Amino acid sequence: GVSVESPYFAIYPAAEGNVVDRETGVFTATVPGLQKIDVKKEQNVAQGALVAVAQSETPQLQFKNAVGLVKINIARNDIMSVKIEGLGENEFVAGQFTMKLNGDEEPEIALVEGTGVTSVTLNTVENYGMFTPGEYYATVLPCNLSGIRVTFKRKTFTYGENGEVTTGSE
């Protein structure tokens with residue numbers, strides 16, 4: 001069997017790049033800039049984007065969210081993507097980050113240099129599929145923004161001279 005000694009660490013989901021350094025207790029994970037939601041499976045957050053971490057002196061682990069959430073209400077059936085971004089210059093909402101838990105105190109969080117992304121885009125798993133009306137969540141780095149911009153991209157239909165229908169987006 002495998003013997004694991006205290007302290008115990010865990011990170012969810014188990015994915016490439018989501019790691020913990022047992023020596024320092026520092027977790028490393030990524031908030032993706034492109035998050036694809038499987039609306040056919042009635043998901044409301046991208047699979048693998050909701051990162052949680054745990055640390056304990058016993059094998060009883062209590063996970064804490066490592067990322068922030070932005071709730072988006074979609075009321076229309078012609079929305080093909082949603083983009084979330086801060087209003088200030090270089091306000092990073094996605095990228096690779098490190099986190100160190102400090103008991104009951106605020107965790108230490110830092111963006112890994114050179115990985116910052118200034119926007120998060122939600123798409124459906126089916127490329128350019130449509131969102132069904134409902135509530136969805138984008139994961140973002142824990143951060144303070146000067147403001148937030150949410151842009152909805154709609155699918156449009158254009159009728160040609162001969163009654164031909166073409167699709168586009170705006």
Side-chain angles (χ1 to χ4, degrees), residues 9-39 43-55 62-76 78-131 133-156 168-170:
F9 299 95
I11 188 166
Y12 173 86
E16 186 177 335
N18 286 357
V19 295
V20 62
D21 181 329
R22 286 189 53 79
E23 297 292 318
T24 63
V26 173
F27 296 90
T28 302
T30 300
V31 172
L34 176 61
Q35 300 176 20
K36 294 187 174 191
I37 297 176
D38 194 339
V39 295
Q43 292 177 344
N44 64 357
V45 67
Q47 187 169 345
L50 191 56
V51 179
V53 296
Q55 177 180 341
Q62 201 169 18
F63 282 85
K64 298 177 181 177
N65 283 336
V67 297
L69 292 171
V70 176
K71 182 178 176 181
I72 306 291
N73 285 305
I74 295 179
R76 303 171 57 119
D78 63 347
I79 302 298
M80 49 193 298
S81 72
V82 180
K83 183 177 180 181
I84 297 125
E85 57 194 325
L87 295 179
E89 193 172 319
N90 293 326
E91 290 186 331
F92 299 114
V93 293
Q96 188 178 43
F97 67 98
T98 60
M99 174 180 270
K100 182 171 175 68
L101 299 177
N102 296 316
D104 292 334
E105 297 177 27
E106 285 291 314
E108 296 173 37
I109 301 168
L111 182 68
V112 174
E113 192 173 334
T115 69
V117 180
T118 57
S119 66
V120 168
T121 300
L122 295 181
N123 281 346
T124 61
V125 168
E126 306 78 29
N127 257 354
Y128 299 108
M130 299 297 139
F131 283 94
E135 293 178 351
Y136 296 92
Y137 295 88
T139 62
V140 295
L141 291 171
C143 60
N144 292 316
L145 301 173
S146 59
I148 189 169
R149 177 182 297 119
V150 180
T151 307
F152 295 88
K153 188 173 185 181
R154 296 185 307 138
K155 186 155 191 166
T156 60
S169 62
E170 60 180 53

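Both backbone and side-chain heavy atoms feed into the values below; hydrogens, waters and symmetry mates do not. The model shown is predicted, which means the values in this text are computed figures rather than measured ones.
- Of the residues listed (Leu101, Val19, Thr98, Val20), the one engaging Val26 in a side chain to side chain contact (heavy atoms under 4.5 Å, CB included) is Thr98, and it is the only one.
- Residue pairs meeting the salt bridge (charged side-chain N to carboxylate O under 4.0 Å, His left out) criterion with at least one partner in residues 81-91, sequence neighbours excluded, are Glu85-Arg149.
- The distance from atom CZ of Arg154 to atom CD1 of Ile79, rounded to the nearest 0.5 Å, is 7.0 Å.
- Between the side chain of Gln35 and the backbone N or O of Thr139, at least one donor-acceptor pair lies under 3.5 Å.
- For Phe63 and Tyr12, the distance between ring centers is not under 6.0 angstrom.
- Residues meeting the side chain to side chain contact (heavy atoms under 4.5 Å, CB included) test with Thr30, sequence neighbours left out: Gln96.
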Leu50 and Val67: CA distance, side-chain angles, deciding distance, side-chain contact (heavy atoms from CB on, under 4.5 Å) verdict: CA-CA 7 Å; Leu50 191 56; Val67 297; 3.9 Å; yes
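- With rounding to the nearest 0.5 Å, the separation of CG in Leu122 from CD1 in Ile37 is 4.5 Å.
- Here the side chain of Asp21 pairs a donor or acceptor atom with the backbone of Glu23 at under 3.5 angstrom.
- With Asp38 contributing its side chain and Gln43 its backbone, the two residues share no donor-acceptor pair below 3.5 Å.
- Taking 4.5 Å as the limit, some side-chain heavy atom of Val82 sits within range of a side-chain heavy atom of Val150.
- Once rounded to the nearest 0.5 Å, the distance linking CE of Met130 with CG of Asn123 reads 10.5 Å.
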